Protein chains: 2
Amino acid sequence: MDYQALQANFRRYIQLTDEEAQYFFSLLKPQKLKARRLLLDIGDPCLYFSLVTEGCLVNYYTDDNGFEHVLQFATTFWWTADLQSLMNGTPSMYTIKAVVDSEVLRLSRADMELLYQQIPKFERYFRIIFQNALMSHQTRIMQNIAYPAEERYRQFQQTYPHIEQLVPQKYIASYLGITPEFLSKIRRKMAKK
Amino acid sequence: MDYQALQANFRRYIQLTDEEAQYFFSLLKPQKLKARRLLLDIGDPCLYFSLVTEGCLVNYYTDDNGFEHVLQFATTFWWTADLQSLMNGTPSMYTIKAVVDSEVLRLSRADMELLYQQIPKFERYFRIIFQNALMSHQTRIMQNIAYPAEERYRQFQQTYPHIEQLVPQKYIASYLGITPEFLSKIRRKMAKK
DNA sequence: AGTTTTTCTTAATCTAGTTCAATGCGAAGG
DNA sequence: CCTTCGCATTGAACTAGATTAAGAAAAACT
C-alpha cells in the first residue's frame, strides 16, 4: 500500500499532522482478497469500514429469488461496508465481493469511535465523505426513476469509465437495474450507430 | 416554533450547552410557506439548508419532458436542500415546494461553515445526519431495483404512514418511480383483497 | 491441455408499467 | 357563489424491459 498517495487523498478533506496520520494508519488492518473472494457474507455482522487501496469490490443484495442487485462498486480510495449492519450490529443484508484481486484497509467500529474522540477532525472527514456519497446516491435515484436504461448506461460510462473496463457486464446491468440480456441488447443497438 | 422540541431532537445526536444551543438558533431564520409555494425554484442557486419545523415539503426534479420526479419528502425535523447546488454554488436542478402549509428554519451556507468552526460538535451532528440519510437512500435504491411497484408501495406505507396521509398520491407515485395511473391501479387491486 | 464454470449473446415470448384520452370531483381563489 | 384548477380514476392500446432457453466464448481450476 502506498501511504503517500493515501495521505495525499486525505489532504483533500482535512489537514493532518504526521503524528495524527501515523495514529490513524495504526488503526487500519490491511487485508488482501483474490478475485471473487468475499469481504463480507450475507448474514454475518459487518465489523469493519473498509478503505479500498487496490482493485475493485462490489456490494450487492440478494433477493428472495436469488437474484443479485448491485448497490455500489468501490475502487481505490473508496470506503465500503454494509452501513446498517456496521452501525446497528445487525446481520448483514449485503454481500461484499472482490471483483478483481484487491486490497483493503479495515477500520473496526470501535476504532472508528476512538478515532472520532482522539482526532475530532475525522468527524469532519467522514461528514464530507458521507455528504458526497449522499449526493451521488441522490443523483442515482433521480436517474433511475427519470431516465430509461440506455440513457442510464451512457451516464454510467461517462461517470465511471474505469469501472466499466474492470468489472463483468452483468454487474453493470445489475447496478443499472436491468438484466444482463437487456444490457447486451442496448450495447448491440449502440454499436450499430 | 417549539424550541423545546427542537432541542430535544438535537439531544439525540449531540449534547449542547445552553449557550451553544442559543448561538445555533440565532443563525436560523424562520420562513413560513403556504401550501404549493416554492422554497427553491429550479435554476436558482440553493442558498440555505432548511430544517422543517412544521408541515411537509417535497423536493423534485423536472425532466426534459416536464415530468416531475420526487427525490424526497421532508417533514418535521428533516433537513432539505439541493445539496449539489448548496455545496457547489451551481444553479439548482431541483424544485422544493410546500405540499401543505409549512414552516422552515433556514441556515445559510456561510453560517453553516461558521457553525462548524465555532462548535465542532456540529461536524458530528451533520456527520450522523448524512450517514442516516445515506443509509435510507441505499435502502431506497435497493428496493427500486429489486422489487416491483406494489411491494415498494407497501414498504412506503409501512415506513412513512404519516406522509401518506399528508401528500397527494401523485407525489407518492412519483417517489416510487411509477405513474399516478399505475398507483391508482395498484390501490384498487389491494383494496379488493 | 483439458474440463468445468462463468460470462455474454441472440431470439421468441411475455408482462409490468406507460401513454393517451375521457370523466368526475373536491378544493382554491376570485 | 361560481368557476377554474388540481387531483384521482378507469379502460384500451402500447412498449420498455423481463423471462426462458440455448449456444458460443472466455476465463478459471485440475
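All chains are named by letter (A, B, ...) in the order of the sequence lines, taking the proteins before the strands, and each is independently numbered beginning at 1. In this text the structure is predicted, and so the values were computed from the model without any measurement.
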Subject >> Upstream residue (5' side of DNA chain C) when Glu181(B) and Arg37(B) are each assigned their closest nucleotide >> reply: Glu181(B)
Subject >> Closest to side chain of Arg36(A), choosing from dT10(D), dT18(C), dC29(D) >> reply: dC29(D)
Subject >> Length of the CZ-C1' vector between Arg187(B) and dT9(D), whole Å >> reply: 11 Å
Subject >> dT10(C) OP1/OP2 closer than 4.0 Å to side-chain N/O of Arg188(A) >> reply: yes
Subject >> Rounded distance (Å) that lies between atom C1' of dA16(D) and atom CG of Asn144(A) >> reply: 15 Å
Original post:
For the pair made of CG in Asp101(B) and P in dG29(C), what is the distance, rounded to whole Å?
Top reply: 9 Å
Original post:
In whole angstroms, how far is the C1' atom of dG17(C) from the NZ atom of Lys185(B)?
Top reply: 8 Å
**OP:** Can you figure out which of dG17(D), dG17(C), dT9(D) approaches the side chain of Pro148(B) most closely?
**Re:** dG17(C)
**OP:** Please test Phe122(A) against Tyr116(A) for ring-ring contact (aromatic ring centres under 6.0 Å, His included), starting from the C-alpha separation and ending with a verdict.
**Re:** CA-CA 6 Å; Phe122(A) 274 91; Tyr116(A) 288 142; 7.9 Å; no
Original post:
Going by heavy atoms closer than 4.0 Å, what residues in residues 157-171 of chain B are next to DNA chain D?
Top reply: Pro168(B), Gln169(B), Lys170(B)
Original post:
Do NZ/NE/NH1/NH2 and the carboxylate oxygens of Glu181(A) and Lys185(A) come within less than 4.0 Å?
Top reply: no
Original post:
Which of these nucleotides, dT10(C), dA18(D), dT9(D), is closest to any side-chain atom of Ser184(B)?
Top reply: dT9(D)
**OP:** Measure from the side-chain N and O atoms of Asp63(B) to the backbone N and O of Asn65(B), and report whether any donor-acceptor pair falls under 3.5 Å.
**Re:** yes
**OP:** Just compare dG17(C), dT10(D), dA18(D) and give me whichever is closest to any side-chain atom of Thr179(A).
**Re:** dA18(D)
Original post:
Do Ile42(B) and Met93(B) pass the side chain to side chain contact (heavy atoms under 4.5 Å, CB included) test, and can you show the C-alpha distance, the side-chain angles, and the key distance before you say yes or no?
Top reply: CA-CA 5 Å; Ile42(B) 185 173; Met93(B) 294 185 1; 5.7 Å; no
Original post:
Parallel, tilted or perpendicular for Phe49(A) and Trp79(A), by the 30°/60° rule?
Top reply: parallel
Original post:
How would you label the contact of Ala149(A) with the nucleic acid (heavy atoms, under 4.0 Å): base, sugar-phosphate, or nothing?
Top reply: sugar-phosphate
**OP:** Would you check if there is a donor-acceptor pair between the side chains of Arg127(A) and Tyr125(B) at a distance under 3.5 Å?
**Re:** no
Subject >> Atom pair distance, as rounded to whole Å: CD1 in Ile172(B) and P in dC7(D) >> reply: 12 Å
Subject >> Distance, rounded to the nearest Å, where Ile145(A) contributes CD1 and dT18(C) contributes P >> reply: 11 Å
**OP:** Using the side chain to side chain contact (heavy atoms under 4.5 Å, CB included) rule, take Met142(B) and Tyr147(B) through it: C-alpha gap first, then chi angles, then the decisive distance, then the call.
**Re:** CA-CA 8 Å; Met142(B) 285 321 308; Tyr147(B) 296 105; over 6 Å; no
Original post:
How close or far is atom C1' of dC14(D) from atom CZ of Phe182(B), stated in whole angstroms?
Top reply: 14 Å
